[in-house]
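Nothing here was measured: the structure is a model prediction, and the numbers come from that model.
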Amino acid sequence: MFKSIVRLGNALSLNKVCPRRQHQRCALKYSTAAAERKKFYEDVSISQGEGGLFEINLDRRKLKTPGGKLFTVPNEALAIAVATEWDAQRETLKFYTMHMTTLCNTALDNPTQRDKDQMINAALKFLETDTVCYRVDEPHALVELQKNEWDPVLHWIENRYNVTIGSSSSILGPEIPEATKDTFRQHLNSYNFWSLTGLEYVITQLKSVVLSLGMIDRHLSVEQAVLLSRLEEEYQIRRWGNVEWAHDYDMYELRARTAAGALFVQLSSESSTVKRKLLQD
Amino acid sequence: MAALASPLRVCRGILKELRAIQGPSYKQSLAYAYVMDQYRKNKVTGERYCRAQQEAHHASHTYLCLLASTRNHLALHNLYHGKGERSPEEVACLVGLRLPTQPGGKGWEK
């Protein structure tokens, strides 16, 4: 009966479930990684708990992170995205398709115990070997393709952030001046911890700081960013043919992960976006 | 570079994905309610270049990409990588042999 009230009608209303009566589920959720977990719930719903944080309920039981903490997200859109992921599971739980859940778990548990500075340093390390800055000398068609596709993005980011990032075809990569790194460090520092988790994830997936920032700043779409990141592979595919079970598989996986990361960052830094618009007015 | 599909197409795409996930009752899902709400809120704008509208459009495009690519990834996985290992009987059949059967069980079996 409670199930039907939750599913129908205005699902966005605050759903204050009496907290004492919800029986907490055991933390055995992710422990058996080898065996396949069956889908043990029927309904997924969200509710707002203390502090305005949203929780996910699977059939009256609250979702927990692998570390045992209660799974809470700061805003509703993120909660709905996670709930949709859990709802999309059929028969067995496939955790490798639940990218938003994974990102939230990482942000909540912080299993490697990192703080903001360490994450920013790790992200900026990618700048020295950024995909967009690494050029080849031959074959000529690939050189042209890299110039036509990657140079506009480089120019855009140089204008947007007032930095200089060259491109080079040597094995050592481009020389990034300290001022550039400081600018990016300052920019990355303005994101909160959750957004930084997502941003670092995206940078690791795309192997490029330039492309990640271009996508987060809404200059590129996810498909465009993934295409630019895989430019050489696409060139080879066009030359030698496509292998569906490898190329397409990798492309869809990269797209899914990057899209999840981008959405995660944009939803986690939502409040800061609103602030910027007010300032501009 | 930033030429995305029109908001209507993105909205239709998201609804198609939700229908693929949820089945016929997708209109009662949380995601459906939220997405329609966001689209209605951002539809009318007084400015020619409304930043919130652009941001919402990009976010919806990103979400569509997420849903579509997870679905395609899962489909490809099940198609090519989902079969697991073959059992010993099947392996033997590959080369035209059969596993030996011993009536009464082997010595160490109960």
Is the count of non-hydrogen atoms from other residues, nucleotides or ligands lying under 6.0 Å from Gln102(B) atom CD greater than 12?
yes
dist Asp87(A):CG -> Ile21(B):CD1 (nearest 0.5 Å) comes out at 8.0 Å
Considering only distance and modelled atom types, tabulate donor-acceptor pairs under 3.5 Å from the side chains of residues 78-85 of chain A, sequence neighbours left out.
residue: Thr84(A); atom: OG1; partner: Ile80(A); partner atom: O; Å: 2.6
residue: Glu85(A); atom: OE1; partner: Met100(A); partner atom: N; Å: 3.4
residue: Glu85(A); atom: OE1; partner: Thr101(A); partner atom: N; Å: 3.0
residue: Glu85(A); atom: OE1; partner: Thr101(A); partner atom: OG1; Å: 2.6
residue: Glu85(A); atom: OE2; partner: His99(A); partner atom: N; Å: 3.1
residue: Glu85(A); atom: OE2; partner: Met100(A); partner atom: N; Å: 2.8

Separation of Tyr80(B) OH from Asp248(A) CG (nearest 0.5 Å)
8.0 Å
Across all chains, not counting sequence neighbours, the ring-ring contact (aromatic ring centres under 6.0 Å, His included) partners of Trp156(A) are His219(A)
Taking side chain as everything from C-beta outward and backbone as N, CA, C, O, which of these in Leu18(B) sits under 4.5 Å from a heavy atom of chain A? Side chain, backbone, both or neither.
side chain
OG on Ser60(B) to CG on Leu263(A), rounded to 0.5 Å:
10.0 Å
How about residues 70-77 of chain B versus chain A: which residues have heavy atoms under 4.5 Å apart?
Thr70(B), Asn72(B), His73(B), Leu74(B), Leu76(B), His77(B)
Just wondering, more than 12 heavy atoms not from Glu85(B) lying within 6.0 Å of its CD?
no
Backbone of Val222(A) reached by a side-chain donor or acceptor of His61(B) within 3.5 Å
no
Does any heavy atom of chain B fall under 4.5 Å from the side chain of Gln89(A), the backbone, both, or neither of them?
neither
Give the intermediate values and the outcome of side chain to side chain contact (heavy atoms under 4.5 Å, CB included) for residues Arg218(A) and Glu55(B).
CA-CA 7 Å; Arg218(A) 298 176 178 93; Glu55(B) 288 175 353; 3.5 Å; yes
Tell me the closest heavy-atom pair linking Thr62(B) and Ala262(A), and the distance in Å.
CG2-CB, 4.0 Å
Taking atom CZ of Arg90(A) as the centre, report whether more than 12 heavy atoms of other residues, nucleotides or ligands fall under 6.0 Å from it.
yes
Who pairs with Tyr41(A) by ring-ring contact (aromatic ring centres under 6.0 Å, His included), at least two apart in sequence or on another chain?
Trp86(A)
For the student: nearest non-hydrogen atoms of His58(B) and Ser221(A), plus distance:
NE2-CA, 4.1 Å
Residue selection (most heavy-atom pairs with chain B, distance under 4.5 Å) from Arg257(A), Arg255(A), Lys94(A):
Arg255(A)
Is the number of heavy atoms from other residues, nucleotides or ligands under 6.0 Å of Lys39(A) NZ greater than 12?
yes
